[in-house]
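So the structure is just underneath, and the comments pick up after that.
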Amino acid sequence: QLQLVESGGGLVQPGGSLRLSCAASGFTLDAYVIGWFRQAPGKEREGVSCIRRSGASRNYAAYADSVKGRFTISRDNAKNTVYLQMNSLKPEDTAIYYCAAYRIATVQAMCPMNLARYNSWGQGTQVTVSS
């Protein structure tokens with residue numbers, strides 16, 4: 001089975017940066033759409049960003065409006081890892097961040113922000129933005 005493990009969370013001051021990692025084992029991630037989601041206390045889990053499977057050439061990533069211009073998703077197939085670079089962090093970014101994945105054969109398929117599409121999930125990593 002595909003296993004995903006997030007890391008890189010922690011406590012950071014407003015305006016700071018963190019890079020989250022999602023390391024996969026069991027299968028290579030090149031044929032998987034990857035999404036990052038977050039859930040704050042008392043709130044529903046929401047999509048943050050997603051990236052198309054390896055081989056896609058256009059509109060390969062999507063971002064929630066709340067993080068556009070601040071967060072960047074990327075993948076390193078050689079390391080079988082997906083990253084979420086988070087810059088200019090705000091207190092409202094505080095949440096548990098999860099990576100998720102689903103396999104797809106269509107190289108140019110769009111990545112969705114719909115939680116129901118993803119069938120493999122990591123355990124989450126806590127991000128706290130506070131002064």
* Structure fact -> Scanning both residues in full, the closest heavy-atom pair of Gln126 with Thr94 reads NE2-CG2, 4.0 Å
* Which pair of non-hydrogen atoms, one from Ser49 and one from Ile73, has the smallest distance, and what is that distance? -> OG-CG2, 3.2 Å
* **Any Val129 side-chain heavy atom under 4.5 Å of Gln13 side chain** => no
* Asked: Got a second to check how far Gln85's CD is from Ser74's OG, nearest 0.5 Å?
  -> 8.0 Å
* Compare all side-chain heavy atoms of Val33 with those of Ile51 and state whether any distance is below 4.5 angstrom. => no
* Backbone of Ala101 reached by a side-chain donor or acceptor of Arg117 within 3.5 Å -> no
* Using the side chain to side chain contact (heavy atoms under 4.5 Å, CB included) rule, take Trp36 and Cys22 through it: C-alpha gap first, then chi angles, then the decisive distance, then the call. => CA-CA 9 Å; Trp36 282 97; Cys22 177; 3.6 Å; yes
* **Tyr118 ring center within less than 6.0 Å of Tyr102 ring center** => yes
* Asked: Sub-3.5 Å donor-acceptor pair from the side chain of Glu6 to the main-chain atoms of Gln123, do we have one?
  -> yes
* Asked: Quick one: are Ile34 and Cys111 in side-chain contact, heavy atoms under 4.5 Å?
  -> no
* Asked: Any link between Val82 and Ile104 through a network of hydrophobic side chains (Ile, Leu, Val, Met, Phe, Trp, Tyr) touching at under 4.5 Å?
  -> no
* Asked: Glu46 versus Gln39: any side-chain heavy-atom pair under 4.5 Å?
  -> no
* To do: Flag the pair Leu4 / Tyr98 as yes when at least one side-chain heavy-atom distance between them is below 4.5 Å, and no otherwise.
  => no
* **Verdict with reasoning, Arg38 to Ile96, per side chain to side chain contact (heavy atoms under 4.5 Å, CB included)** => CA-CA 5 Å; Arg38 66 186 182 186; Ile96 300 175; over 6 Å; no
* Would Asp93 and Lys90 pass as an ion pair if we require N to O under 4.0 Å? -> no
* Which pair of non-hydrogen atoms, one from Val48 and one from Val67, has the smallest distance, and what is that distance? -> O-CG2, 3.6 Å
* For residues Val127 and Met86, determine if any side-chain heavy atom of one lies less than 4.5 Å from a side-chain heavy atom of the other. => yes
* To do: Please check if atom CD in Glu92 has more than 12 non-hydrogen atoms from other residues, nucleotides or ligands closer than 6.0 Å.
  => yes
* To do: Ignoring hydrogens and angles, state whether a donor on the side chain of Asp76 or Thr81 is under 3.5 Å from an acceptor on the partner side chain.
  => no
* Structure fact -> Nearest heavy-atom approach of Arg53 to Ala105 is NH1-O, 3.5 Å
* What do the steps show when you test Tyr83 against Thr72 for side chain to side chain contact (heavy atoms under 4.5 Å, CB included), and what is the final call? -> CA-CA 8 Å; Tyr83 303 96; Thr72 303; over 6 Å; no
* To do: To the nearest 0.5 Å, tell me how far Arg75 CZ sits from Arg52 CZ.
  => 11.5 Å
* Examine distances only and state if a side-chain atom of Ser66 and a backbone atom of Ala64 form a donor-acceptor pair shorter than 3.5 Å. => no
* Asked: Just checking, any donor-acceptor pair under 3.5 angstrom between side chains of Ser17 and Asn87?
  -> yes
* Might you point out which heavy atoms bring Asn80 and Ser25 nearest each other, and give the distance in Å? => ND2-N, 4.3 Å
* Asked: If you round to the nearest 0.5 Å, how far is OH of Tyr32 from CZ of Arg103?
  -> 6.0 Å
* Asked: Can you get from Val12 to Phe71 by hopping between Ile, Leu, Val, Met, Phe, Trp and Tyr side chains that sit under 4.5 Å apart?
  -> yes
* Asked: Is any side-chain heavy atom of Leu29 less than 4.5 Å from a side-chain heavy atom of Leu2?
  -> yes
* Asked: Tell me, do Ser7 and Thr125 make a side-chain contact under 4.5 Å, heavy atoms counted?
  -> no
* According to the interplanar angle, ranging from 0 to 90°, do the rings of Phe37 and Trp121 count as parallel (below 30°), tilted (30 to 60°) or perpendicular (above 60°)? -> tilted
